[in-house]
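Okay, so here's the structure we're looking at.
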Amino acid sequence: MAKEKIKIGNDGIYDARQLGAGKMITLGFQHMFAMFGATVLVPILTGLSVSTTLLFAGLGTLLFHVLTKFKVPAFLGSSFAFLGGYAAIAPMLDGPLGKGTVPNKEMLPYACLGVACAGALYLVLALVIKLVGIHKVMKLFPPVVTGPIIIAIGLGLAPSAINNCQTNWWLALVALGLVIIFNIFGKGMVKIIPILLGILGAYAVAIVVGNIAGVESFAIDFTAVKEAAWVGVPIDWSSTVFGGVNDGAKAATAIIAIMPIAIATMMEHIGDISAISATCKRNYIDDPGLHRTLLGDGLATSIASLFGAPANTTYGENTGVLALSKVYDPKVIEIAAGFAVLFSFSPKFAALINSMPAAIVGGISFVLYGMISAIGVRNVVEAKVDFSKARNTIVAAVILVISLGLTAGITFKIGSASITLTSLAVASIAGILLNVIFPDKDFNFESAFESVEDSAQINLEPDYKKEDK
């Protein structure tokens, strides 16, 4: 009897081993490329080390997978939510290249200490959830709250994609067009690695048109790549909390200023896990449990910060890749994490990736960020949120308007320290409070993922190699 080949790109694939080692490695590369641009941007903006960031993004992701029983296909990259905290405690200094171009080496370890303490708050919430039960806690986070938050996460990132595209719309459209063509019209393996192929294809176009044909707007500068070493140590101990914190007053100020940001990032975490659950048709909030995902994210953030890397967070870019490829096996993400650790020891590789034109990143992000918002819509639809009820409409409306309209967030002072809550944090708090206050609640956690899990039953056991009589 002949066996059917795996139908790649149609139904969800939960056991990627059936694709073969070569394809799994390729998928891992795709996930690494998807997270790379945003992950290395945070250390560039704050003055932290790119190599250290890559190392702890990979290690943090692997730790997260261990703590979540290898069930959740999430990649942990650099969090943008703490940029305000770094700017307040360790603002970039002026240098020969202009304002804000030199890392604040003296204060960065203090900012990292504050972020490490913020990560510890995840552990507190994880413990609360473990003690009181996920069902009671999730009453605060029904789909009418988490759905609009997920939508806002994607839409909030949209300006970043457009800004990158505006550096060279033609190149951005090449990247975007390639992703669409490969995903919609591709066959087999091509269909599930559109991001990787889009990046490589657009990069090749930029080299041919800019560096060979001489069109300046497409040209790529390889100077940094040539000058970078092949191998390097990814950790500078003088920049870590262990080697750079020796002033108690500065440490206390950093902790007070940065810890409240965790309110926003924990809300984002719940939204991200909801998005991954909706994408993969699995209730990861219940199994392995939100307490485990919070524990993994929080520990990864604290450990990374202690060693001079940015805070970690579950990455929407990789959720977008999951939605496009329909390969949901966590092992593929673990391969990507392994690559991140490996390449953290190669400054030349980091320089090569950094040479990628911003327009290519914009074209790729154009798809990925839109996918995140689409997942939020799907989350609301599959949970059957009743928008004929005024209470649900108002909750969703308030979340969307605050998260997209309150671009500067809300800043207030505690002593001499300025605390800024991001628009997403404010929107999340407002949505949670309104949902608690308004009567006529209709959310049932036990049945919220029922339809999602039922629709995924065909994939609970691998059935890609069916026998054909």
Side-chain angles (χ1 to χ4, degrees), residues 12 72-74 125 129 132-157 263-291 293-294 314 316 319-320 322-323 328 369-404 423-456:
V72 184
L125 181 57
I129 292 174
V132 306
I134 183 63
H135 292 230
K136 291 182 179 179
V137 174
M138 285 307 295
K139 288 180 180 179
L140 300 174
F141 307 103
V144 71
V145 173
T146 57
I149 289 174
I150 297 169
I151 294 171
I153 290 172
L155 294 181
L157 292 169
I263 297 173
T265 56
M266 286 189 289
M267 296 303 102
E268 291 178 20
H269 175 92
I270 294 171
D272 286 340
I273 298 301
S274 296
I276 296 171
S277 295
T279 301
C280 301
K281 299 181 180 180
R282 292 287 189 271
N283 185 354
Y284 296 126
I285 288 176
D286 200 29
D287 180 25
L290 187 60
H291 66 290
T293 64
L294 281 165
T314 44
T319 303
L322 292 174
Y328 309 134
Y369 296 160
M371 291 294 296
I372 297 170
S373 291
I375 290 166
V377 174
R378 174 179 168 179
N379 181 249
V380 170
V381 171
E382 291 190 338
K384 299 178 181 177
V385 175
D386 186 0
F387 281 110
S388 66
K389 293 184 177 180
R391 54 109 54 218
N392 290 338
T393 304
I394 292 173
V395 170
V398 168
I399 291 173
L400 291 172
V401 171
I402 293 177
S403 59
L404 299 178
S423 59
L424 196 59
V426 178
S428 300
I429 294 169
I432 292 168
L433 291 177
L434 289 178
N435 181 69
V436 169
I437 294 170
F438 289 167
D440 198 21
K441 298 176 181 61
D442 54 6
F443 173 59
N444 185 339
F445 180 77
E446 286 83 354
S447 60
F449 287 87
E450 201 170 77
S451 61
V452 172
E453 291 175 338
D454 288 345
S455 67

Partner set under side-chain hydrogen bond (donor to acceptor under 3.5 Å, both in side chains) for T293, not counting sequence neighbours: H269

Could you walk me through whether I149 and S403 pass side-chain contact (heavy atoms from CB on, under 4.5 Å), step by step? CA-CA 8 Å; I149 289 174; S403 59; over 6 Å; no

Work out which heavy atom in V385 is nearest to a heavy atom in P143; give both atom names and the distance. CG2-CB, 3.8 Å

Tell me every residue that passes side-chain hydrogen bond (donor to acceptor under 3.5 Å, both in side chains) with T314, counting only those two or more places apart in sequence or in another chain. D272

Those residues at least two apart in sequence (or on a different chain) that pass side chain to side chain contact (heavy atoms under 4.5 Å, CB included) with L433 are I429

From I273 atom CD1 to N283 atom CG, the distance as rounded to the nearest 0.5 Å: 11.0 Å

Go through the structure and list residues passing side chain to side chain contact (heavy atoms under 4.5 Å, CB included) with V398, not counting sequence neighbours. I394, I402, A430, L434

Report the residues that fulfil side chain to side chain contact (heavy atoms under 4.5 Å, CB included) with I129, sequence neighbours left out, ordered by chain and then residue number. L125, I134, V137, L290, H291, L294

Please give me the minimum heavy-atom distance between G431 and V145, naming the atom from each residue. O-CG2, 3.8 Å

Looking only at atom types and distance, does a side-chain atom of S277 sit under 3.5 Å from a main-chain N or O of Y284, one as donor and one as acceptor? yes

Partner of P148 under side chain to side chain contact (heavy atoms under 4.5 Å, CB included), chosen from L155, I399, V395: I399

Quick one: side chain to side chain contact (heavy atoms under 4.5 Å, CB included) partners of V381, sequence neighbours excluded? V377

For Y328 versus L322, what's the shortest heavy-atom pair and its separation? CE2-O, 3.3 Å

